[in-house]
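Have a look at the structure below before the remarks.
Naming: A, B, ... by sequence-line order, numbering from 1 per chain.
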Protein chains: 2
Amino acid sequence: MARWQPDAPGRLAAAALDLFEENGYENTTVIEIAERAGLTKSTFFRHFPDKREVLFDKGAVSGLLVEGIASAPSAAGPLDAVADALEALGRTFFTADRREFSGRRQAVLNAHSELREREALKRIDLTTSMIEALSRRGAPGLTARVAAKLGSLAWEIAFERWIDTGNSEGFGPLARQALAEVRAAAAVS
Amino acid sequence: MARWQPDAPGRLAAAALDLFEENGYENTTVIEIAERAGLTKSTFFRHFPDKREVLFDKGAVSGLLVEGIASAPSAAGPLDAVADALEALGRTFFTADRREFSGRRQAVLNAHSELREREALKRIDLTTSMIEALSRRGAPGLTARVAAKLGSLAWEIAFERWIDTGNSEGFGPLARQALAEVRAAAAVS
DNA sequence: GCCAGTGATGGGACTTGGTCTCATCGACCC
DNA sequence: GGGTCGATGAGACCAAGTCCCATCACTGGC
């Protein structure tokens with residue numbers, strides 16, 4: 001078995017996505033994923049704490065979000081700061097070349113509750129990070145919580161539209177648009 | 001081993017909560033839980049699909065929520081319908097006699113990410129139910145999504161305050177109060 | 001060119017969660 | 001007292017995840 005090939009985590013993630021698409025999550029064994037990547041079970045668990053985590057990134061998004069919120073103009077309101085952060089995410093993370101991969105990944109996540117569960121936890125952790133970042137900007141506790149939840153919802157909506165193949169717009173503009181719609185909807189609820 | 005004692009699921013849940021408090025979630029074995037309840041591993045998995053689920057109820061809450069939203073006065077806005085539903089929850093589920101148990105359970109959930117993960121999934125499923133119920137009342141898609149998320153946040157806040165021992169108010173009034181605060185915070189975001 | 005050190009990998013034993021099948025027990029009914 | 005039915009027990013079995021140790025590839029010094 002060839003060793004020392006580059007980017008073991010990336011190869012494992014790609015192999016996992018392929019196999020999950022082909023056979024489903026629960027019908028895919030960690031050993032099978034590792035073998036397709038030319039590796040072994042031991043190495044898999046050295047790079048990922050568990051089977052689900054192979055489809056998730058290691059907290060890079062959180063840093064981007066927090067930094068985006070912190071560096072927004074101090075005159076900006078909470079939701080505007082969130083908009084800036086989502087736009088930063090669009091520039092760095094949700095780039096055009098990752099759109100196809102993101103769509104495939106999301107389809108697999110949606111199809112398996114164990115993966116949706118992990119995604120839900122990640123979303124909560126990100127929302128908590130946003131709340132803390134907004135609080136550091138001086139937003140009152142409840143305002144920060146509401147803004148973070150609305151921002152999270154706008155993110156979700158913008159992501160759906162971004163994945164949707166009929167849509168060729170970038171994630172940033174879609175996020176701003178979604179945030180505006182969410183804000184309007186909140187006003188009439 | 002004595003058989004045929006009543007309420008096997010309840011005994012299993014009580015035993016699990018005790019053991020999780022004593023030794024932590026990951027240091028507790030399903031076999032230990034079953035033994036403390038006077039049962040076996042087989043019976044445990046006959047009543048619960050997995051170890052985490054022993055601390056969660058079987059979808060009774062969802063029905064209450066959906067029914068509460070559906071039976072709200074047709075003139076009521078989305079958030080008002082949610083308020084009615086949360087109050088119904090307070091009458092049926094978050095009753096005074098369950099407050100201590102709820103607090104213990106929540107402390108255990110907060111302490112273990114595997115359990116927080118399951119809780120996050122449940123919350124998402126409940127939010128989805130609320131969105132559908134609001135849509136059936138005629139709320140536009142985005143409005144329903146926003147109202148459900150804000151309602152979920154108000155629920156969360158009201159529950160925290162309800163658990164807080166300094167607070168002797170019922171869940172219903174706390175939920176109405178939290179919902180009003182959330183609505184106000186949304187207006188200034 | 002050889003050799004030691006370092007870090008990533010392989011291998012396998014082991015525990016636990018979870019599934020499955022079959023035997024067994026208790027209650028209830030006739 | 002025998003038969004039926006639902007809940008439980010018992011044990012084999014597989015996959016996830018942990019742990020420890022051997023092994024290989026690359027690096028640098030000599």
May I have the distance from [X] (atom [atom1]) to [N] (atom [atom2]), rounded to whole angstrom?
{"X": "A/F48", "N": "C/dT9", "atom1": "CZ", "atom2": "P", "value": "11 Å"}
{"X": "B/R52", "N": "D/dA16", "atom1": "CZ", "atom2": "P", "value": "14 Å"}
{"X": "B/L39", "N": "D/dA10", "atom1": "CG", "atom2": "P", "value": "11 Å"}
{"X": "A/N27", "N": "D/dA16", "atom1": "CG", "atom2": "C1'", "value": "15 Å"}
{"X": "B/F44", "N": "D/dA7", "atom1": "CZ", "atom2": "P", "value": "18 Å"}
{"X": "B/E53", "N": "C/dT19", "atom1": "CD", "atom2": "C1'", "value": "17 Å"}
{"X": "B/Q5", "N": "C/dC25", "atom1": "CD", "atom2": "P", "value": "18 Å"}
{"X": "A/H47", "N": "D/dT18", "atom1": "NE2", "atom2": "C1'", "value": "17 Å"}

Next item on the list: Verify the contact: side-chain N or O of B/T43 to OP1 or OP2 of D/dT8, cut-off strictly under 4.0 Å; return yes or no.
Entry: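 Answer is no, no contact under 4.0 Å.
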Note to self: For A/E119 and A/Q106, which I'm curious about, is there any donor-acceptor pair between the side chains at under 3.5 Å?
What the structure shows: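 Indeed, the side chains of A/E119 and A/Q106 share at least one donor-acceptor pair under 3.5 Å.
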Backbone of [Y] reached by a side-chain donor or acceptor of [X] within 3.5 Å:
{"X": "B/K51", "Y": "B/Y25", "result": "yes"}
{"X": "B/N27", "Y": "B/N23", "result": "yes"}
{"X": "A/T143", "Y": "A/A139", "result": "no"}

For [N], does the base pair up with any side-chain atom of [X] as donor and acceptor (N or O, under 3.5 Å, distance only)?
{"X": "B/K41", "N": "D/dG9", "value": "no"}
{"X": "B/R46", "N": "C/dG18", "value": "no"}
{"X": "B/S42", "N": "D/dA10", "value": "yes"}

Note to self: Let me confirm one number: the CG-CG distance from B/L89 to B/L126, rounded to the nearest 0.5 Å.
What the structure shows: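 Rounded to the nearest 0.5 Å, the CG-CG separation comes to 8.5 Å.
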Among [options], the nucleotide that comes nearest once only the side chain of [X] is considered:
{"X": "B/T29", "options": "D/dG17, C/dG17, D/dG9", "result": "C/dG17"}
{"X": "B/F45", "options": "C/dT9, C/dT19, D/dA10", "result": "C/dT19"}
{"X": "A/K51", "options": "D/dT8, C/dG17, D/dG17", "result": "D/dG17"}

